[in-house]
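Note sheet for the following structure.
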Amino acid sequence: MNKTYDAVVVGSGPNGLAAAIALARKGLSVLVVEGSDTLGGGMRSAELTLPGFTHDVCSAVYPMGASSPFFRTLPLEQHGLRWVNPEVLLAHPLDNGTAGVLYRSVDETAAGLGEDADSYRRLMGPLTAAADDLLGDLLGPFRIPRHPISALRFGRAALRSGKGFAEAYFRTEKARALWAGSAAHAVIPLDHRPGAAIALMLTIAGHARGWPVVAGGSQKLADALLSYFKSLGGEVEAGRWVKSVDDLPPAKAVLLDVTPRQLVAMAGHRLPDGYKRRLGKFRYGPGVFKVDWALSGPVPWANADCRRAGTVHLGGPLDEIAASERAAFDGQIAEKPFVLYVQPGVCDPSRAPIGQHTGWGYCHVPHGSTEDMTGRIEAQVERFAPGFRSLILARHVRGPTAWEAYNPNTVGGDIGGGVVDLGQLFTRPVARWDPYSTPDPQLFLCSSSTPPGGGVHGMCGYWAARSVFRRLGG
Ligand SMILES: Cc1cc2nc3c(=O)[nH]c(=O)nc-3n(C[C@H](O)[C@H](O)[C@H](O)COP(=O)(O)OP(=O)(O)OC[C@H]3O[C@@H](n4cnc5c(N)ncnc54)[C@H](O)[C@@H]3O)c2cc1C
């Protein structure tokens, strides 16, 4: 006979594991069921290119992970996790050889922004001082903030588009470009709101705790979460793709770390038509095309700060980045795509044989695009690091269709669990007082398709677990 659990969680991404841990910490019996043979969802690492080169398959840099109000309560260091920060968190090179640079220190960052220094310091100083309060208030469902003054200060700046914010606060090309690159993480056009909110959160988190990578690769974060979960008595079953929630062992609550489309496929027969119709209107966003490289040496960036940076944003000035993001959103291919490049080796030498490096880079492409972007991405790296191509020992590429085959949550290559704009920020997957619950009292959604959305922070899972406690009474 099937064993009975208090809760079964389908999916072992950061949100599935966060939900599972939050439940197990309250003494509930919890089983995590994962389709893939390797646990961790968007936190897996693998030798994608050559032996000895450890690549982060999905996520690589963790401003939100290191600042996550939930992860920070967990003893993950005791379970093998070590965040490592580069000296330079983020560099954004321009064609004239200069670069906008994000450091841990607000003052140091401001000092590099010339006539925008005061504006940057005035804005980011108070917000960074209130970082923990703000992230606690913002990374969750819509509710009355506990720290209304900080939230108001944040909200006044954040409700703008990425471009609107850059033009309102900064005058220099360097500051505007640096800002635009962070706003582009929202994967919406730069003139859409609330792109500024995403850039602000990433920047505040950076000043508070950095933009670290995980020593040894992102899999170590998944392993630490799993190890802690198991230490609480949690159980895990990998290699089992769930087609219907009816196939799961009996449980009081079932939490799905999946997106709305999969929720309907797995549990549609238990959900009312009205709710399913609303789920059907959920909007997925552009996809990503990613390249991982094994490199024979460090990237020869023309700008010296880029050589010390963990993350390098490649797209030149604001208008160029805006054109690239607009193209991906409108179903077009950008000839000069905005590229997010990560070089973990600057602070974690374990990723490649001595003297060699891994490179990680992707750009946004139209939803479901089949275009090979390898050449265009490498041209952007070469533009700011002449000689890059000559270092390539091997590469691994993955576009939207392959992403969805790798992880069905990546619908059409969308890595954010659905568009994050004003229409879907707090009302994901549908407008509902408790967005984690469903009309079926046993079923909950805990993926990045719920607030606060994409990124490795586990907060969607944490809040979904709170919803379970409310329903089960605990
Ligand atoms: C290329 C790329 C780069 C990224 N870079 C970053 C970054 O640098 N920093 C950052 O913070 N975030 C980054 N992200 C985003 C981040 O990885 C996601 O936002 C995050 O992983 C979402 O977590 P999740 O738990 O909601 O879902 P996932 O991590 O997608 O986990 C869902 C899990 O559910 C499993 N699953 C799905 N359906 C079933 C089923 N039917 N049966 C059983 N199991 C199932 C999947 O196999 C998967 O393991 C990146 C993502 C990608 C793809």
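Indexing begins at 1, ligand by ligand and atom by atom, following the structure's order.
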Donor-acceptor pairs under 3.5 Å, side chain of residues 194-201 to any protein atom, not counting sequence neighbours: which ones?
none

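The cationic atom of R398 (NZ for Lys, CZ for Arg) lies less than 6.0 Å from the six-membered ring centre of W403 and within 45° of the ring axis.
Screening residues 204-219 for salt bridge (charged side-chain N to carboxylate O under 4.0 Å, His left out), with sequence neighbours left out, gives D132-R209. Residues in residues 407-418 take part in these side chain to side chain donor-acceptor pair (under 3.5 Å) pairs, two or more places apart or across chains: Q262-N409.
Between Y341 and W301, the angle of the ring planes goes over 60°, which puts this pair in the perpendicular group of the 30/60° scheme.
For a heavy-atom separation below 4.0 Å, the residues in contact with ligand 1 are V10, G11, S12, G13, P14, N15, G16, E34, G35, G41, G42, C58, S59, A60, V61, R240, W241, V242, D257, V258, Q262, M266, K290, W360, Y362, W403, N407, P408, N409, I415, S447, S448, G454, G455, V456.
Put simply, the residue from S59, S218, S36 that forms a side-chain hydrogen bond (donor to acceptor under 3.5 Å, both in side chains) with R44 is S36.
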